[in-house]
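First up is the structure itself, then whatever we jot down about it.
Just so it is clear: chains get the letters A, B, ... in the order the sequence lines come, proteins before strands, and each one is counted from 1.
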Protein chains: 2
Amino acid sequence: MSAIRHALTIKREDDFAQWYQEVISAADMAEESGVRGCMVIKPWGYGIWERMQRLLDDRIKAAGVQNAYFPLFIPLGNFVREAAHVEGFAKEMAVVTHHRLIADGKGGLIPDPEAKLEEPLVVRPTSETIIGDAMSRWVQSWRDLPLLLNQWANVVRWEMRTRMFLRTSEFLWQEGHTAHESREDAKRETMRALEMYRDFAEQQLALPVIAGEKPENERFPGAVETWSIEAMMQDGKALQAGTSHYLGTSFADAANIRFQDREGGQQLAHTTSWGVSTRMIGGVIMTHGDDDGLRVPPAIAPFQVVILPMLRENEGDQALLDYCDALRASIAAQSALDEKIRVLLDSRPGKAAAKRWDWVRKGAPVIIEVGPRDMDGETVSLLRRDALWGADGKPAFQTPSRDAVGAAIGGLLEDIQQGLLTEATDRREANIVRDVESFEALAAYFSEDRKFPGWVEVQWSRPTGEALDKVVERLKALKLTFRNVPLDAAPANGKCVFTGESAVERIYVARSY
Amino acid sequence: MSAIRHALTIKREDDFAQWYQEVISAADMAEESGVRGCMVIKPWGYGIWERMQRLLDDRIKAAGVQNAYFPLFIPLGNFVREAAHVEGFAKEMAVVTHHRLIADGKGGLIPDPEAKLEEPLVVRPTSETIIGDAMSRWVQSWRDLPLLLNQWANVVRWEMRTRMFLRTSEFLWQEGHTAHESREDAKRETMRALEMYRDFAEQQLALPVIAGEKPENERFPGAVETWSIEAMMQDGKALQAGTSHYLGTSFADAANIRFQDREGGQQLAHTTSWGVSTRMIGGVIMTHGDDDGLRVPPAIAPFQVVILPMLRENEGDQALLDYCDALRASIAAQSALDEKIRVLLDSRPGKAAAKRWDWVRKGAPVIIEVGPRDMDGETVSLLRRDALWGADGKPAFQTPSRDAVGAAIGGLLEDIQQGLLTEATDRREANIVRDVESFEALAAYFSEDRKFPGWVEVQWSRPTGEALDKVVERLKALKLTFRNVPLDAAPANGKCVFTGESAVERIYVARSY
């Protein structure tokens, strides 16, 4: 097989972390902003987020959840009320202390000492406490329940070490917040949101995920149960891609969300919260990117098909543009994945070949080049981003007739979507090790000279409190973390690899982002 | 004519400001949050905003503008660079000074003195400076221009006196930011955005607006020209509903947005910015609300049709629900205003009549009630929100056949949309006074015992600097402001009512929000 010259300078296998940064830059998705810990999301990255938002928002609305908007600022006092929450969260947060600037007399500005806030405000790291306040006003009777709310917002968690999309001080997300009459109803919502995320990740992001419960040490601060979806990246590490929390009644107690029940008594509501963020974009990059850049699953690609006319800057260009525009219109009239196909005719000046590599790096699923020869033969030159290279080491162009493209393009995009999911699922399954029966074997798997270790599924006795802390410390020494107790695991039938006791369930152990 | 009992307790003519607050509360659109100056936007209010976003975003994208996302926080230094901008903006802003909280030893939390930021961060009041930084990185050559960006975001301007939707410390908006090769191209974009807002306001919000240039004293800080759309509220006051700024090269100079021009020289880019916010929702309320609550124009109604089954909590309910659901499906299959009709079957428990008044207050354009008698006769009872009361002082129900509703509903919604625009336009035209030829006559119009004075169009000589300041002071004494110099005004042909000099153009004077 011929040597292939890739569109990036760094290969995944050589330096996965550097490769990740190069994809983001080469695909023109985002960049550092110069503001500590904050990134600029550029149009191609933001376009992918808009697609995710649209698709997930449809699912949220279909479940009867209503969007609303709550304040960016949270009074300090709100944080103090829920003891476990404040322990977990009240650390690295942006604090607003002044509401005015004045000249410092040296050409600069300083916060005006006369305009100091009586109570500092925290820039929301999450909105349980402020939405809980609203719920306490809105919920009087069992008839007001369930109360199903969602917010699309920016949140801020001051981070010392940041990585674009994966961990930034400010990020974008949705946060669902619901209140219910009973534990059962709240649990049902917790699991509904989890399943929504699982299906969204798999069907639309082509991201195979394991849905399961986080162990006690990984719970959201103040939650009774935290559930997650976990995806395996190409370097074998786990990425927590979404969480759903059953919060019990402690947040309701702190915010005073009480209702008159069906028997006339007063009860505390049971609440949940659930969220996914722009972090998912990092997961898409590290799952579907290759040594030529990003490959965007068609369902979330801002453009699914890009048409590149081979312009010569002469009088023949107009006929070529007309030919391409007719092609564009015929493709735009077709559907794929239950939506009209999003197609761009990129007629900016510049060489088609140079533009081709831009779109390869960005990961447009299908690139169609059209030159005078194609036009004469009523064909097009079509490149699948998921099958870029031929056996000869050259781009694997197909040359269907123009008429055939319109009819075939919907099926082609659906095939690419499915292919990305299958590829990622196969890779994950090949990199999960089951039936590891001792801590030593676990340690050996990860301490071997293995470049990209995967995940290990072990049986455990679900220790709690200090016993769990000790296990977590032992894992930490190996740079390992618990991921989750999968919903669909086989029952336990052996001994806990940590305590030697009878195991009660299975849990994933992995390196993680 | 019979006395009509309205669905609100306060009438517009009795206390317009209180009526406004009651509509927001009665329509369940928003409420005070308890956080200073910040509101909670409830699902019905947020649903209207989502509709506005979707429709305006389509227009923004159609113009070739790309969405992106920039940091919430702006380093103080950015503000200092553009002198006029800092003068205008660097006053009431939220300032982040710390990035961590610690226990105060008394059960509370305080900002950690050890975690004080070296350079305080401002929560963005607008993003010219931070987006300018990005543009300076992205623009190298004339080939990179025009650069057309837009951001949907929250912004914060610390306000001492707030009013829901109209003036809140935090609000939601879109801000377009563009950079161009030449003054002409930037001016073209400024005017394109202005015209986009005008058409959006009129066609989709049914809000007739006057597009024109703001006088010098009302310019955006640092802008060369500021253009606005101005709408007349039912109390005659003006609401600035959107602005578009030509910024010249001063922001480019401050942020160093330079490019190599077609001749190889270095030039500063010409920039623009333009925005509309959740303030527009306040404009919709004060334009279309009546003494029964809100009337939402169909194009932006989260639900355009609400079906209310008259449930009896007996075995007959299921047949009624089936009948209503078939009706819902037949309506949902129809289109109006180029989209599928948004219809809700509200089958929550409760009396249909009580629910009817909820939806009247919320302003759903069409309410359809269905009882057993309707079902037997294969009819429905239909209420137009824009023609609520009959001559007999009772709700003016129509009783078309069920089959006729499906076919007619699209046209009905379009008729309501057009009717709201016509009503508001007629009212505005009836309340604009032209040909007022002296300052005394102007003052007399506003000092008369006129409850809801409208706008006065005067001719003026466009004074600048101190001469303008003096005129502005004279207006201020009468609680008046300049609105704008309308694009479509007749040419000046008289004397300036302020200076007595030859007039050069016409300008609107009004009370305002």
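Here the side chain of A/Gln66 pairs no donor or acceptor atom with the backbone of B/Pro43 at under 3.5 angstrom.
Of all heavy-atom pairs between B/Glu170 and A/Pro71, the closest is OE1-CA, 3.5 Å. Residues B/Ile41 and A/Ala68 come closest through the heavy atom pair O-CB, 3.3 Å.
B/Arg54 touches chain A through its side chain: at least one heavy atom from C-beta onward sits under 4.5 Å away, while N, CA, C and O do not. Contacts of B/Glu118 with chain A are absent, with no heavy-atom separation under 4.5 Å from either backbone or side chain. There is no contact between B/Met29 and chain A, counting heavy-atom distances below 4.5 Å. The part of B/Asp57 that comes within reach of chain A is its side chain, from C-beta onward, which places non-hydrogen atoms under 4.5 angstrom from that chain. Looking at B/Glu31, the atoms closer than 4.5 Å to chain A (heavy atoms on both sides) all sit in the side chain, from C-beta outward. Looking at B/Ile131, neither its backbone nor its side chain comes within 4.5 Å of chain A, counting heavy atoms on both sides. Heavy-atom distances place both the backbone and the side chain of B/Asn67 under 4.5 Å from chain A. When heavy atoms are compared at a cutoff of 4.5 Å, B/Lys116 does not approach chain A at all.
No donor-acceptor contact under 3.5 angstrom links the side chains of B/Trp152 and A/Glu50, judged on distance only.
Options A/Trp49, A/Phe73, A/Phe70 differ in how many heavy-atom pairs under 4.5 Å they form with chain B, and the most are formed by A/Phe73.
Relative orientation of the A/Trp158 and B/His99 rings is parallel, given thresholds of 30° and 60° on the angle between their planes.
The CG atom of A/Leu109 sits 9.0 Å away from the CZ atom of B/Phe79 when rounded to the nearest 0.5 Å. A distance of 4.5 Å separates CG in A/Leu101 from CE in B/Met93, rounded to the nearest 0.5 Å. Taking SG of A/Cys38 as the start and CG of B/Leu121 as the end, the distance is 7.5 Å to the nearest 0.5 Å.
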